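Below, chain A is the first sequence line, B the second, and so on; all start at residue 1. This is a predicted model, so every value here is computed, not measured.
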Amino acid sequence: MSIHIRLPDGALKSFEAGISVREVAASLGSGVKKNGLAAKVDGVLVDLSHRLHRDADVEIVMPDSPEALGLYRHSAAHLTAQAIKRLYGGKAVKLGIGPVIEDGFYYDVDVEQPLSADDLGKIEREMERIVAENWPIERREVSREEALRRFEEAEEPLKLELIRDLPEDAVLSIYEQGEFADLCRGPHVPSTGRLRAFKLMSVAGAYWRGDSNNKMLQRLYGTAFASKPELDDHIARLEEAKKRDHRKIGKEQELFLFSEEAPGMPFYLPNGMTIRNELEQFSRQMLAEHDYEEVRTPFMMNRRLWEESGHWEHYHENMYFSEVDDVPFALKPMNCPGHMLIFKNRIRSYRELPIRLAEFGQVHRHEYSGALSGMMRVRTFCQDDAHLFVRPDQIEEEIGRTIDLIDRMYKVFGFEYKIELSTRPEQSMGAEELWEQAENALRSVLVERGVPFRLNEGDGAFYGPKIDFHIRDAIKRSWQCGTIQLDFQMPEKFELSYVDESNRKARPVVIHRAVYGSIDRFVGILTEHYAGAFPIWLSPVQATVLPVSDKFAEYAVRTKKQLRSAGIRADADLRDEKLGYKIREAQLRKTPYMLIVGEQEEKAGTASVRKRGEGDVGRYGLDEVQAMMLEDIRLKV
RNA sequence: GCUGAUGUAGCUCAGCUGGUAGAGCAACGCAUUCGUAAUGCGUAGGUCGGGGGUUCGAAUCCCUUCAUCAGCACCA
């Protein structure tokens with residue numbers, strides 16, 4: 001019996017039924033035969049050894065196909081496991097799982113001996129050896145019984161656990177390469193010799209099955225590519241990202257510091273404070289345009305309040321406490337209870353709603369020591385927080401307005417962001433119907449506006465579902481910044497009410513929202529986003545005046561003063577150094593404008609302008625340069 | 001919190017198997033008065049994260065503690 005195979009270009013070819021993909025590939029020319037890695041049969045990825053029994057669309061996966069990367073990485077993970085087993089003893093190494101991840105792969109192993117960075121080189125060399133041996137990688141489908149027997153013999157308790165947890169009807173397959181075998185769904189590249197470009201990156205602990213109650217295994221991270229140049233490129237990108245690290249730039253540019261005396265609590269240096277202040281000022285301007293009112297609430301309030309709000313029950317592990325005069329206090333981890341008290345301060349009419357209370361609220365949250373990370377994860381930070389008290393009929397419009405506000409502000413920074421909708425978590429409070437109503441409200445706003453979003457099941461706040469805005473940092477870690485949270489619980493807890501049209505008490509709904517999220521984290525993200533070259537409106541020093549020599553110091557100072565009186569953050573570098581030296585330094589500090597002044601400039605009342613990223617742009621009158629800068633600042637470019 | 005690594009001058013880092021700490025940059029001083037990414041010479045600067053121990057002797061070995069980093073777990 002013959003079958004028809006349709007190729008991606010639409011061509012139809014006939015083969016005997018039962019022919020392998022490998023043979024189909026071979027019929028397509030020597031290049032495909034030699035370099036084919038796997039195939040997509042009717043859209044499903046399979047090994048070259050896969051046999052075809054009926055008509056199908058077949059596409060051979062070549063090294064440059066989008067699917068190839070996953071194959072290389074998955075096979076490289078097996079290669080890693082095989083090498084470790086060879087080096088540390090087949091039965092001394094218990095295999096966990098070895099999946100492909102965004103930039104590579106990892107393999108979790110249970111080995112007595114802690115693996116160090118030095119061991120990685122050793123393992124890599126063994127991997128190279130296995131590549132040189134060029135073992136075919138072969139798939140075998142096995143019965144559950146056979147799988148259990150094999151991994152029992154191999155003394156692989158973790159694999160046995162995985163097999164036992166697979167559904168009854170699951171097809172089990174084992175991939176073998178030389179003496180090594182692994183339970184795996186596949187597919188893989190056809191032989192170890194195909195792996196030409198891989199590298200082990202790091203080793204770290206990871207709990208078995210992601211549960212901190214389980215044993216901690218050792219996780220080897222690695223990456224693999226189709227070719228060496230692509231691998232080198234990837235490594236170069238990682239190094240580039242490291243240069244953007246906000247901790248490094250924060251130190252170099254004197255933005256902020258951390259002290260052992262206050263772990264996870266940033267100190268702002270004058271430069272960093274300037275950036276923060278600009279961010280706040282921008283935010284205040286936006287708040288004014290969107291009819292918010294700014295308030296401020298105490299850092300510390302009686303524990304009673306937190307019991308009332310539910311924070312004590314749901315959040316107290318992350319809170320800081322203090323007791324003075326036998327009165328128990330808690331440092332606020334959130335601003336909401338304070339804002340509830342403000343709302344309750346007097347009777348509210350339905351005509352007043354929505355009431356939008358904003359606060360640059362400093363909160364304290366006790367994070368686990370291991371979670372701290374520069375400005376990205378701290379124990380005290382300032383939220384650009386606000387609570388919108390709305391009538392039920394205003395919910396959707398208000399959420400829409402908030403999305404607009406966030407989008408508008410992010411555009412100024414040129415941020416790409418992703419939206420997530422997070423639903424009810426396990427640890428939460430309130431009735432099922434209210435949650436459902438809240439989740440539906442958020443979802444329908446997103447759907448109506450046609451914004452793409454990802455559903456994040458069970459990741460909501462304990463008091464309500466939320467829409468989160470995620471931004472990526474230099475090393476591709478994603479951080480939640482903006483958030484819109486719908487809350488029917490706090491109004492209940494605090495018995496909030498307003499007087500409605502028919503003079504009856506009605507319950508408002510609260511929307512929690514933040515744009516920057518944590519201003520501190522946002523400063524960190526911006527630092528990496530701009531690689532320290534902040535746009536002029538944020539730049540701590542907007543212009544440096546550089547006299548060619550001491551003789552023009554007086555004119556330099558005059559120039560600086562003029563710019564300052566126009567509201568520009570200008571400095572003059574009067575040190576007894578050569579011009580080239582001062583330019584180099586200002587350049588390294590990423591100063592947006594350098595004004596060079598010498599004899600000709602002084603005579604003409606001008607300055608030679610050097611713009612960051614452009615270099616020397618010529619001579620301008622001082623008023624002209626000043627206008628240029630003010631325009632850039634105003635436009636936030 | 002867990003696993004592993006790291007902590008030496010303001011910064012970046014060197015210091016082999018234990019013999020009493022060094023470089024570059026920065027700072028300061030002097031000379032130089034300079035035209036678009038580093039002028040030269042000189043000076044000063046450290047109880048080697050903290051505590052304890054082993055030793056004749058510890059930056060180096062051991063214990064403990066703190067902080068930081070990578071990752072895991074956590075992230076209302």
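Among B/G35, B/C34, B/A70, the nucleotide with an atom closest to any side-chain atom of A/Arg619 is B/G35. Comparing atom distances between the A/Ala371 side chain and each of B/C34, B/U36, B/A73 picks out B/A73 as nearest.
In this structure, A/Lys85 contributes its side chain and A/Val93 its backbone to a donor-acceptor pair below 3.5 Å.
For the pair A/Pro114 and A/Arg575, both in contact range of RNA chain B, the more 5′-proximal nearest nucleotide belongs to A/Pro114. Each of A/His314 and A/Ala206 was matched to the nucleotide of RNA chain B holding its nearest heavy atom; the match closer to the 5' end belongs to A/Ala206.
Within the nucleic acid shown, A/Gly370 comes within 4.0 Å of at least one base atom, counting heavy atoms only. At the heavy-atom level, A/Val203 lies nowhere under 4.0 Å from the strands shown. Within 4.0 Å of A/Ser212, counting heavy atoms only, lie sugar-phosphate atoms of the nucleic acid but no base atom. A/Phe258 comes within 4.0 angstrom of nothing in the nucleic acid, heavy atoms only. Residue contacts for A/Glu599: at a heavy-atom cut-off of 4.0 Å it reaches a base atom on one of the strands shown. Counting non-hydrogen atoms under 4.0 angstrom, A/Glu317 reaches nothing in the nucleic acid. As judged by a 4.0 angstrom heavy-atom cut-off over every strand, A/Tyr106 is placed among residues making no nucleic acid contact. Heavy atoms of A/Gly618 sit nowhere under 4.0 angstrom from any nucleic acid atom. A/Tyr368 comes within 4.0 angstrom of a nucleotide base, judged by non-hydrogen atoms across all strands. When heavy atoms are screened at a 4.0 angstrom cut-off, A/Ser116 is found touching no nucleic acid atom at all. Within 4.0 Å (heavy atoms only), A/Gly210 reaches sugar-phosphate atoms of the nucleic acid but no base atom. When heavy atoms are screened at a 4.0 angstrom cut-off, A/Met334 is found touching base atoms of the nucleic acid. A/Gly460 comes within 4.0 angstrom of the backbone, heavy atoms only, and of no base. Among the heavy atoms of the strands, none lies under 4.0 Å from A/Gln480.
The C1' atoms of B/A27 and B/C11 are separated by 11 Å, rounded to the nearest whole Å. Rounded to whole Å, the separation between the C1' atoms of B/G15 and B/G22 comes to 7 Å. For the P atoms, the distance from B/C56 to B/G46 is 31 Å, rounded to whole Å. Only the P atoms considered, B/C34 is 29 Å distant from B/U43, to the nearest whole Å. Rounded to whole Å, the C1' atom of B/A59 lies 16 Å from the corresponding atom of B/U55. Nucleotides B/U17 and B/A70 have their P atoms positioned 28 Å apart, rounded to a whole Å.
The aromatic rings of A/His246 and A/Phe256 are tilted relative to each other, their planes meeting at an angle between 30° and 60°. Ring pair A/Tyr516/A/Phe522 is tilted by interplanar angle, where 30° to 60° counts as tilted. Between A/His314 and A/Phe462, the ring planes lie parallel to each other; the angle is under 30°, not in the 30° to 60° tilted range.
Look at A/Arg584 and you won't find any side-chain N or O under 4.0 angstrom from OP1 or OP2 of B/U36. Distances shown here put every side-chain N or O of A/Lys215 at or beyond 4.0 Å from the OP1 or OP2 atom of B/C2. In this structure, A/Arg521 does not reach the B/C75 phosphate: none of its side-chain N or O atoms is under 4.0 Å from OP1 or OP2. In terms of phosphate contacts, A/Tyr581 brings a side-chain nitrogen or oxygen within less than 4.0 Å of OP1 or OP2 of B/A26. Between A/Lys582 and B/U36 there is no side-chain polar atom (N or O) within less than 4.0 angstrom of OP1 or OP2.
Nucleotide B/C16 forms a pair with no other nucleotide shown, judged by Watson-Crick or G-U wobble geometry with both contacts under 3.5 Å. Across all strands shown, B/C74 has no partner, as no Watson-Crick or G-U wobble contact with both distances under 3.5 Å is found. Remark: B/G57 base-pairs with no nucleotide in the shown strands. Criterion, Watson-Crick or G-U wobble with two distances under 3.5 Å. Pairing for B/U68 is with B/A5, a Watson-Crick or G-U wobble pair whose two hydrogen-bonding atom distances lie under 3.5 Å. Figure legend. B/A38 is base-paired to no nucleotide; pairs are counted as Watson-Crick or G-U wobble with both atom distances under 3.5 Å.
Judged by atom type and distance alone, A/Glu601 reaches the base of B/G35 through a side-chain donor-acceptor pair under 3.5 Å. No hydrogens or angles were tested; on distance alone, nothing pairs the side chain of A/Tyr207 with the base of B/G71 as donor and acceptor under 3.5 Å. One can find a donor-acceptor pair under 3.5 Å joining the base of B/C74 and the side-chain atoms of A/Arg377.
The interatomic distance linking A/Leu115 (CG) with B/A5 (C1') rounds to 13 Å, in whole Å. Rounded to whole angstrom, the span from the CG atom of A/Asp245 across to the P atom of B/U12 amounts to 12 Å. Rounded to an integer number of Å, the gap from NZ of A/Lys248 to P of B/C69 is 15 Å. Rounded to a whole Å, the CG atom of A/Asp110 is 15 Å from the C1' atom of B/G4. Rounded to an integer number of Å, the gap from A/Leu372 CG to B/C2 P is 14 Å. The CG atom of A/Asn214 sits 12 Å away from the C1' atom of B/C2 (whole-angstrom rounding). Atom C1' of nucleotide B/G49 and atom CD of A/Glu261 are separated by 11 Å, given to the nearest angstrom. Put simply, NZ on A/Lys242 is 13 Å from P on B/C69, counting in whole angstrom units.
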Passes salt bridge (Lys or Arg N to Asp or Glu O under 4.0 Å), A/Asp571 versus A/Lys560? Steps please.
CA-CA 6 Å; A/Asp571 269 348; A/Lys560 176 189 86 175; 5.7 Å; no
CA sep, side-chain torsions, deciding dist, call: A/Tyr463, A/Gln485, side chain to side chain donor-acceptor pair (under 3.5 Å)
CA-CA 9 Å; A/Tyr463 46 74; A/Gln485 311 178 350; 2.5 Å; yes
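Using modelled atom types, one finds no donor on one side chain facing an acceptor on the other under 3.5 Å when comparing A/Asp110 with A/Gln218. A/Asn456 and A/Glu420 are linked by a side-chain donor-acceptor pair at a separation below 3.5 angstrom, with hydrogens and angles left out of the test.
In this structure, A/Arg219 satisfies the cation-pi test against A/Tyr106, with its NZ or CZ atom closer than 6.0 Å to the six-membered ring centre and inside 45 degrees of the ring normal.
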